[in-house]
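Whatever order the structure lists them in is the order used to number ligands and atoms, beginning at 1.
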Amino acid sequence: MLTRRQFLGATAAALAVPLPVRRAFADEPDLVLQLAAEPGSIPLWKGPQTQVLRYGAAVLRGRADAVKPAGGVLGPTLELKRGERVRIHFRNRLRNPSIIHWHGMLVPDQADGHPRFAVGAGGEYVYEFTVRNPAGTYLYHPHPHGMTGAQVYYGLAGVLIVREPDEQARGLPADHELALVIQDRRVGADNQFVFQRTMMDRMTGVLGDRVLVNGMPDAAFKVSPRPYRLRLANVSNARIYKLAWSDGRPMRVIATDNGLLSSAEGPKEVPYVTLAPFERVELLEDFGERRSGAEIALVSRAFSSMSMADMMEGMMGGGMMGNMMGGRMGGGMMGADQGQELPIARFMVGSGTRVRGGPLALPDPVPPPERPAAELHTQISFRHMRGFLNGRTFDMTGFADDERMPLGRPVAWTFTNDGPGMAMPHPMHVHGVRFRILERRGGEAADDLREGIVSAGFKDTFMIMPGERIRLAFTPTESGLFMYHCHNLEHEDGGMMRNFHVG
Ligand SMILES: [Cu+2]
């Protein structure tokens, strides 16, 4: 083991050396996991296997059920309990630097997977944190600067579920839940993923016309006639989904990114759910309301407000691009376009006795945020193929005066997507905090997505439409250096990412 590490360590010597790990626990943690990122190949379609990158995981100490295989190209699902003290050994068996970010999780800055901690080929990084988030659907994925898009695209991502003992008492279906991780891919004739970063991709982000659910194509689920807890996660580089049931039934939202809605907010019925990259929702879906034997589909409905033609028109101030490119520039050139209709998954309702759900007891409402002790403002712009945050791009360790906030005091942060350049939506993510959306204003271009945007509950990722102004409220609980960035991975890798400092 030591020989192997020394050998591999040599290849990493030229790359960034991580800071020493800050040990969070004096004694042994409850759970010790190992996660390795490595190349591999898997059968996804008939014919040649697909070359991928994959996460493999093992429990080194503690509950064996903390790691569950997901199948396909997706990394294993990690199931953690609130309050648990966790150590995770990350091993990088890739040719390139990498580091894991626990998306949505409240962890110390040294455990957050900032790109400054990326380890080279053969390197290892040790995370220690206590699970402080409430029950919910979180994610983990790579976060090395400039390479996140490719690494996620080739298969590095997974679901992290946090559970709490009192979930059963809330009337949530305990043994009937499904997680659906939705991703789009371009697939070549030889079954290989096609990741490019063309000029078009740097603007729109990489879009594909083939959908994977839980890392596999053609997803189909046999379900019983009863309520299910469905965890929906968009783990696509750039695609926005307008998720709806093929039979037109509304969607019943019980949770957003960072835990259950309160009893004042949910369940919330919407005709469809708009899900931007790395957002999540949970639905309480009663398949018993369909006849037995019914087959229904989860689909992504077409929408028009964000075609490339629209964006180019916005930039060039005329209709000529649309005419020139046949309406949909991305569609014509790439075979994939933001806003195209896509099948996601099929559900077959089994026969058998219908089981009805009990009453649902969502958590009590939380008090409104206190008067902010600090006000931040970030203007988003996109020009010369790059995104800017207050006119700046990524700087590995730097931050500006308007990127500081106090520890443990209420903060209000306003984002406006009204800078000069191309008008486009951006899925923004803030590390290290869970926020509430106080206000959304403007964004007139979002008409055919608006009804599905769920701003309730605690969030960690939000989509901001062109012209929109969004105000967040939160109280930072961890000190140090964290990041905020666009979660369109091509925008992020292009530098649409900044640090903020707490404390
Ligand atoms: Cu963006």
Side-chain angles (χ1 to χ4, degrees), residues 101 103 115 139 141-143 145-150 152-153 183-184 195-208 234-241 257 274-279 303 305-308 310-312 314-315 329-330 336-339 377-395 403 413-431 437 440 442-443 445-446 449 453 459-470 472 483-500:
H101 167 57
H103 185 114
L139 300 166
H141 64 78
H143 218 303
H145 182 48
M147 282 177 278
T148 296
V152 170
Y153 198 85
Q183 299 176 295
D184 63 329
F195 182 82
Q196 301 168 307
R197 208 173 268 161
T198 62
M199 191 178 85
M200 187 64 64
D201 295 332
R202 287 162 61 199
M203 289 193 292
T204 61
V206 175
L207 296 166
N234 180 353
V235 185
S236 307
N237 282 43
R239 184 172 290 286
I240 297 155
Y241 297 93
D257 299 336
T274 302
L275 213 56
F278 293 78
E279 283 188 308
F303 55 88
S305 58
M306 273 168 302
S307 70
M308 270 316 295
D310 285 351
M311 292 182 204
M312 299 301 276
M315 188 174 63
M329 203 165 162
D337 187 28
Q338 188 73 279
H377 178 253
T378 298
Q379 186 189 49
I380 293 168
S381 59
F382 198 92
R383 53 202 149 87
H384 312 303
M385 306 293 145
R386 301 184 81 181
F388 294 81
L389 302 165
N390 278 346
R392 309 179 190 107
T393 55
F394 187 55
D395 170 351
E403 294 169 320
W413 196 343
T414 303
F415 288 79
T416 57
N417 188 2
D418 57 356
M422 285 178 86
M424 61 171 78
H426 298 283
M428 299 299 299
H429 174 46
V430 184
H431 286 215
I437 295 179
R440 277 183 177 272
L449 291 174
I453 295 175
K459 304 253 312 152
D460 49 61
T461 309
F462 63 97
M463 182 165 70
I464 184 164
M465 304 298 293
E468 203 169 21
R469 173 188 194 86
I470 296 181
L472 316 178
M483 7 206 18
Y484 66 105
H485 61 87
C486 180
H487 224 297
N488 177 315
L489 297 182
E490 280 61 61
H491 292 183
E492 172 184 337
D493 282 340
M496 194 175 179
M497 173 156 77
R498 291 286 303 171
N499 292 316
F500 66 93

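The residue from His426, Arg202, Arg386 that alone fulfils the side chain to side chain donor-acceptor pair (under 3.5 Å) condition with His491 is His426.
His431 and His485 are linked by a side-chain donor-acceptor pair at a separation below 3.5 angstrom, with hydrogens and angles left out of the test. Between the side chains of Thr148 and His101, no donor N or O sits under 3.5 Å from an acceptor N or O.
Checked against the 6.0 Å centroid threshold, His141 and Phe278 count as a close aromatic pair.
Closest N/O/S atom of His426 to the Cu ion (ligand 1): ND1. Take the N/O/S atoms of His491: the one nearest the Cu ion (ligand 1) is ND1.
Here His487 fails the criterion, with no N, O or S atom under 2.8 Å of the Cu ion (ligand 1).
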